[in-house]
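What follows is a short report on a single structure.
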Protein chains: 2
Amino acid sequence: MELTEAKQKFIEAWGKLGSEWGINRTMAQVHALLLLTPEALTTEEVMEKLSISRGNANMTLRDLINWGLVEKQLKQGERKEYFYADKDTWNIARQVAKERRKRELDPIIKILDELSAVKGNEKDPEYKTFHKSVTDINKLAKNVDKTLEIMLKAEESWFWKSILKVFK
Amino acid sequence: MELTEAKQKFIEAWGKLGSEWGINRTMAQVHALLLLTPEALTTEEVMEKLSISRGNANMTLRDLINWGLVEKQLKQGERKEYFYADKDTWNIARQVAKERRKRELDPIIKILDELSAVKGNEKDPEYKTFHKSVTDINKLAKNVDKTLEIMLKAEESWFWKSILKVFK
DNA sequence: TTAAACTTTCAAAATATTTTGAAAGATGGT
DNA sequence: ACCATCTTTCAAAATATTTTGAAAGTTTAA
């Protein structure tokens with residue numbers, strides 16, 4: 001397989017994986033493209049290489065910046081913006097975990113807290129099942145949340161350092 | 001908040017969370033409904049409670065069975081099938097991890113292996129960046145895969161037992 | 001074998017999501 | 001102030017996904 005074909009395959013695969021995990025296909029593809037590109041690219045170049053519209057490229061690049069996966073670069077004497085993707089796999093994983101935690105885990109925990117607090121008749125199987133499921137899921141969600149928090153901030157802890165080293 | 005409203009909220013929240021993670025909204029909602037229900041339900045009951053069509057209910061329930069989250073129950077002298085959801089949070093998490101690993105992680109690792117093997121000119125920055133990104137991601141993916149495998153099969157290991165206890 | 005009870009299928013319809021592209025909005029140099 | 005260059009916006013169009021429901025399929029009992 002030659003490089004051009006291989007790049008294409010990677011972009012496709014990354015796009016597919018992304019969409020299976022609730023990340024817009026194009027966003028994942030633009031990210032893949034930037035991961036494979038040594039220098040920063042302009043909106044124009046992203047548009048061309050992936051055959052997408054200006055609007056789409058613009059929005060997608062903003063999103064990637066908001067996710068902390070891509071940074072905007074300005075070059076001396078040039079008006080246009082260049083986009084560069086962080087190539088550190090570990091940072092990418094960290095950023096994705098961080099964002100999804102904030103966007104999805106936190107809100108669901110808030111709801112689960114409310115629902116855990118709902119009172120009812122302990123003799124009623126309907127209530128008992130409801131309460132058990134909700135509190136169990138809440139517990140798990142909170143543990144995941146806590147663990148992520150620790151992993152995300154405290155890479156300095158010897159304990160986590162040794163666990164995380166396995167993944168790097 | 002009273003029970004009926006709380007149940008409704010949980011079903012909605014679970015559906016939303018599911019769809020943000022690439023799981024069909026209805027599938028997540030049916031799962032939520034079954035999680036809240038002490039006894040097994042028939043297709044008919046699921047249709048009514050969630051106002052969905054027969055076809056949808058049928059397909060969704062099959063999917064949940066394929067994911068290992070719901071089981072079919074047959075009752076003495078009755079023709080119709082009843083559906084019951086495993087209420088053990090830990091099992092649910094295990095099953096989801098197991099299925100997604102099989103369906104998504106394994107295929108992407110296969111592709112990354114192929115792409116890692118692509119040869120090129122080490123002096124070419126295009127190639128170098130491609131190769132680094134692909135092999136780095138491949139490494140991370142393989143570590144995640146290995147870890148999941150260990151977690152999924154070997155709960156008997158004292159090491160994992162102590163780690164996993166934190167989450168339960 | 002028939003028929004009632006139940007399940008499955010799948011093309012078409014409904015809905016949701018993504019993408020486009022032209023126009024409006026910025027920005028900076030002259 | 002004007003213009004060229006670049007970015008952003010967003011309603012409409014294109015695409016993708018999900019849902020429907022009626023018909024076909026299956027199973028069981030009499």
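Keep in mind that what you see is a predicted model, and the values were worked out from it rather than measured.
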ask   = So, B/T26 versus B/Q29: side-chain donor-acceptor pair below 3.5 Å or not?
value = no
task = Please check the phosphate of C/dT19 (OP1 and OP2 only) for any side-chain N or O of A/T26 closer than 4.0 Å.
result = yes
note = Whole-Å distance, B/M59 CE to D/dT17 P, equals 15 Å
Interatomic distance, B/I52 CD1 vs D/dT18 C1' [rounded to whole Å] = 11 Å
inquiry  = Taking any heavy-atom pair under 4.0 Å as a contact, classify A/T60: base, sugar-phosphate, or nothing.
reply    = nothing
remark   = Against the side chain of A/S53, the closest entry in D/dG21, D/dT7, C/dT19 is C/dT19
ask   = How close or far is atom P of D/dT8 from atom NZ of A/K80, stated in whole angstroms?
value = 15 Å
task = Starting from C1' on C/dT7, measure out to NZ on B/K72 and report it in whole angstrom.
result = 9 Å
ask   = Within 45° of the axis and under 6.0 Å from the centre of the six-membered ring of A/Y127, does NZ or CZ of A/K123 qualify?
value = no
query = Taking CG from B/L74 and C1' from C/dA5, how many angstroms apart are they, rounded to a whole number?
reply = 14 Å
inquiry  = Just the rounded figure in Å: distance from P of C/dA16 to NZ of B/K16.
reply    = 15 Å
key: Separation of atom CH2 in B/W21 from atom P in D/dT17, rounded to whole Å   = 19 Å
task = Between A/S19 and A/T43, just flag the one whose closest nucleotide in DNA chain D comes earlier from the 5' side.
result = A/T43
note = From CG of B/D63 across to C1' of D/dT18 the rounded distance in Å is 12 Å
ask   = Looking at residues at least two apart in the chain, or sitting in another chain, which of them share a ring pair (Phe, Tyr, Trp, His ring centres under 6.0 Å) with B/F10?
value = B/W14
ask   = Among C/dT19, C/dT8, D/dT20, which is the nearest nucleotide to the side chain of B/R62?
value = C/dT8
message = Is B/N58 close enough to C/dT7 that one of its side-chain N or O atoms is under 4.0 Å from OP1 or OP2 there?
response = no
key: OP1 or OP2 of D/dG21 under 4.0 Å from side-chain N/O of B/N56   = no
Which residue lies more 5' along DNA chain D, comparing A/Y82 with A/R25 via nearest heavy atoms = A/Y82
task = Looking at every strand, decide which applies to B/E81 at a 4.0 Å heavy-atom threshold: base, sugar-phosphate, or nothing.
result = sugar-phosphate
request  = When you get a sec, tell me which of D/dT20, D/dC6, C/dT7 is the closest nucleotide to the side chain of A/R79?
outcome  = D/dC6
request  = Identify which one of B/K80, B/K49, B/R54 satisfies the side chain to side chain donor-acceptor pair (under 3.5 Å) criterion when paired with B/E44.
outcome  = B/R54
message = So that I can tick it off, tell me whether B/E126 and A/K7 are bridged by a salt bridge, with the cut-off set at under 4.0 angstrom between side-chain N and carboxylate O.
response = yes
message = Counting only side-chain nitrogens and oxygens, does B/R54 get under 4.0 Å of the OP1 or OP2 atom of D/dT20?
response = no
